[in-house]
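Counting from 1, the numbers follow the sequence of the chain as shown. Values below: all heavy atoms of this structure, side chains included; hydrogens, waters and symmetry mates excluded.
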Amino acid sequence: MAYWSKAPIDREQIALFAPTLDSWIPPDHPVRIFDEVLSALDWSSWEARYCGCNGQPPIHPRIMAAAILYGLSLGMRSSRALERACANSIDFLWLASGRTIDHSTICSFRTRFAEELKDVFRQMGRLCMSMGLIKLNQVGLDGTRIKANNDRRQKATARTLEQRLAALDEQIEQIFSEAQAADARDEDLFGSCPNSGLPQELTNLQKRKEALEKALSAAEQIEPRRKRRSKVPSSAPQVPVTDTDCAILPNKGFGYDPNYTPMAAIDSHRGFIIDADVDNKGYESHTTIPAIDRIKETFGRGPDRLLADSAHGTGSNFKELEDRHVEAYIPVQNYPQEANNPARREDPSKPVPQEDWDKLPRNSQSRKLDRCAFVYDESGDCYYCPMGRRLTYSRDFNRYSKDRPILGRVYQCQDCSGCALAKNCLSGKSKWRTVYRDQFEAARRQAAERLSSPEGQEFYRHRKWICETPFAIIKAHMKVRQFLLRGHEKVKTEWLWICASYNMWKLALEMARMRAAA
């Protein structure tokens, strides 16, 4: 037995641990940085939420938040896993100073302090900025898909939900009638007795009915009644039944699932997340400006440059970013590249040479000449087509796009007869070509020219690794593939915990690097 190493501590000796718990944690352990940073933040708003009158003395919210954030950085998301770690893992024992935290306490704590968590997230951002880790010179904004806490099979059309509600109403009516009959028999035998409330089975059915009614309400908002009466039920859109706040969205792998779209704004200097939100509508364009406003509220100023994908490239976003003095490097939605567009010529009243007709931009759906093939003349308030013919003002238009009013002018060619490009320009039986110009066209064109410049291409080349790196770490290292909570507001709080933990993990690495270099 002399060959094998001897145990440094005998199981039966009286002193199993070192003289102090602190001596078990190395000086450069990340948990020390978590505790150091969180101890420097202001927790007064959290403390004010406690009564301090009844019951046992509560654990300080800083200790609770530290356990959750540190556990998330290690991929521990379950409240029961955190409970086991606080009772058995040395680093968690050190962080909580030997306190054992119950899983139910952790579970309720995560959703109780939603507003206070936003303040701590902002404090962490300001701390990183004071250390030179956040500069706001260049910010990337992007979203990713994370599954909701809703089974992919728990979704239905409005017609199916109506059928389920009808069947459930019959079941509730039957149980209610049986309960009334039983009460009547008891009253005949024993006289009048106090009301004992609804039967347990009926109470559960009422809760199920409320959930189905909420899902039906969501389905009716996206599904017209005429489509619901279609003879092809599969053509009708579906809505989630368990978590009605999420949306049925396509996955990158395959199929459609109930998903949320978490958003994150990332500072390009060191990759810290400076703003976090969750979208449940299926499109990201409405999250752009609120994110910029929150960044300005947190740090006192907005970013100099914003990098994002084409989902954020709407005309209204470009105009509002311009008003906020933020340079947008975002591809314009449904806007062809202008680099090799032969329609951009010195004299637009002259036709494009015939050998360049095949190079004219075309609409990806109709395959007809795109509106970018028409050149706007600001001085004459008209458009010129590739053949040099004028399109003059015809009328105004007013429409809504995703709850936003779009105002503009319609320009129409007065004579398209004999045009050599008519078959490539006119759709169907149209006799003349029209071009729409909304109030955001100038901002849209300016953004397209900025992005197509060599400087813009160089900036935009870094967008992927700026935006995708945090999501890769969150999904692979922190194991966030599906949300644990249900409901939009609770999911937003859960995502904020995740982003705050990511920032703490990044900060621990940066501080360890700084101390090693000192």
Minimum side-chain heavy-atom gap Arg145-Leu249 below 4.5 Å: yes
Inter- and intrachain pairs under side-chain hydrogen bond (donor to acceptor under 3.5 Å, both in side chains), touching residues 347-357, at least two apart: Asp347-Ser349
Exam field: side chain Thr298 to backbone Arg294, donor-acceptor pair closer than 3.5 Å: yes
Heavy-atom check, side chain of Ile274 versus side chain of Val139, under 4.5 Å: yes
Salt bridge (Lys or Arg N to Asp or Glu O under 4.0 Å) partners of residues 427-439, not counting sequence neighbours, each pair once: Asp438-Arg444
CG on Leu484 to OG on Ser79, rounded to 0.5 Å: 8.5 Å
Leu306: which of Ile295, Asn317, Ile330 passes side chain to side chain contact (heavy atoms under 4.5 Å, CB included): Ile330
Pair Ser501-Met478, side-chain contact (heavy atoms from CB on, under 4.5 Å): steps then yes or no: CA-CA 9 Å; Ser501 176; Met478 300 173 65; 3.7 Å; yes
Test log, rule side-chain contact (heavy atoms from CB on, under 4.5 Å), inputs Met131 and Met514: CA-CA 11 Å; Met131 297 171 63; Met514 292 177 182; 4.2 Å; yes
Charged N-O contact under 4.0 Å between Arg362 and Asp370: no
Any donor-acceptor N/O pair, Arg305 side chain to Val326 backbone, under 3.5 Å: no
For Tyr260, side chain to side chain donor-acceptor pair (under 3.5 Å) partners two or more places apart: Asp243
Asn363 side, atom CG; Ser427 side, atom OG - distance, nearest 0.5 Å: 8.5 Å
Closest heavy-atom pair and its distance - Tyr384, Pro348: CB-O, 3.5 Å
Under the side chain to side chain donor-acceptor pair (under 3.5 Å) test, residues paired with Asp267 that sit two or more places apart: none
Neighbour count above 12 (heavy atom, 6.0 Å) for Lys147 NZ: no
Close side-chain approach of Val332 and Arg445, heavy atoms under 4.5 Å: no
Sequence-distant partners of Tyr70, ring pair (Phe, Tyr, Trp, His ring centres under 6.0 Å), two or more places apart: Phe34, Phe92
Pairs meeting criterion side-chain hydrogen bond (donor to acceptor under 3.5 Å, both in side chains) with involvement of residues 108-128, two or more places apart: Arg49-Glu116, Glu115-Lys118, Asp119-Gln123
Least distance between heavy atoms, His488 atom then Asp245 atom: N-OD2, 2.9 Å
Side chains of Trp495 and Phe483 in contact at under 4.5 Å (non-hydrogen atoms): yes
Any Gln138 side-chain heavy atom under 4.5 Å of Leu307 side chain: yes
NZ/NE/NH1/NH2 to OD/OE distance under 4.0 Å, Glu441 and Arg371: yes
Arg77 and Glu494: CA distance, side-chain angles, deciding distance, salt bridge (charged side-chain N to carboxylate O under 4.0 Å, His left out) verdict: CA-CA 10 Å; Arg77 304 179 60 208; Glu494 183 179 356; 2.7 Å; yes
Side-chain heavy-atom pair Asp381, Arg409 within 4.5 angstrom cut-off: yes
For Ala311 against Ser285, the heavy-atom pair lying closest together: O-CB, 3.4 Å
Lys135 bridged to Asp304 by N-O distance under 4.0 Å: no
Nearest-0.5 Å distance that lies between atom CG in Leu117 and atom CD1 in Ile68: 9.0 Å
Residue pair Lys359 / Pro342: nearest heavy atoms and the distance that separates them: O-CD, 3.6 Å
Any pair counted as ring pair (Phe, Tyr, Trp, His ring centres under 6.0 Å), so long as it reaches residues 288-330, sequence neighbours left out: Tyr329-Phe459
side-chain contact (heavy atoms from CB on, under 4.5 Å) between Val480 and Thr144, intermediate numbers included: CA-CA 11 Å; Val480 180; Thr144 188; over 6 Å; no
Polar side-chain atom of Gln333 near backbone of Ser310 as donor-acceptor pair, under 3.5 Å: yes
Over all atoms of both residues, closest heavy-atom pair of Phe374 and Val435: CG-CG2, 3.9 Å
Residue pairs passing the ring pair (Phe, Tyr, Trp, His ring centres under 6.0 Å) test where at least one lies in residues 414-451, sequence neighbours excluded: Phe397-Tyr436
Aromatic ring proximity, centroids under 6.0 angstrom, Trp43 and Phe113: no
Sequence neighbours excluded, every pair satisfying salt bridge (Lys or Arg N to Asp or Glu O under 4.0 Å) that has a member inside residues 459-487: Asp142-Arg463, Glu458-Arg461
Mutual orientation of the aromatic rings belonging to Tyr411 and Tyr393 [parallel < 30°, tilted 30-60°, perpendicular > 60°]: perpendicular
Distance (rounded to the nearest 0.5 Å) between Cys246 SG and Ile146 CD1: 13.0 Å
Spacing of Ser73 atom OG and Ile498 atom CD1 [to the nearest 0.5 Å]: 12.5 Å
Pairs under 3.5 angstrom only: tabulate donor-acceptor contacts from the side chains of residues 504-511 to other protein residues two or more places apart or in another chain.
{"unit_1": "Lys506", "atom_1": "NZ", "unit_2": "Arg270", "atom_2": "O", "d": "2.8"}
{"unit_1": "Glu510", "atom_1": "OE1", "unit_2": "Arg513", "atom_2": "NE", "d": "3.1"}
{"unit_1": "Glu510", "atom_1": "OE1", "unit_2": "Arg513", "atom_2": "NH2", "d": "2.6"}

Test item: Ser452 side-chain N/O and Ala448 main-chain N/O as donor-acceptor pair under 3.5 Å: yes
Derivation of the side-chain contact (heavy atoms from CB on, under 4.5 Å) call for Ile473 and Tyr502: CA-CA 8 Å; Ile473 294 172; Tyr502 169 84; 4.0 Å; yes
Check: Thr392 and Gln414 side chains under 4.5 Å, non-hydrogen atoms: yes
Minimal non-hydrogen separation, Pro250 against Asn259, with atom names: O-ND2, 4.4 Å
With Arg390 via side chain to side chain donor-acceptor pair (under 3.5 Å) - residues at least two apart: none
Atom pair CG/CD of Asn150 and Gln482 - distance to nearest 0.5 Å: 9.0 Å
For Asp293, side chain to side chain donor-acceptor pair (under 3.5 Å) partners two or more places apart: Arg324
Heavy-atom side-chain contact between Pro386 and Leu421 under 4.5 Å: yes
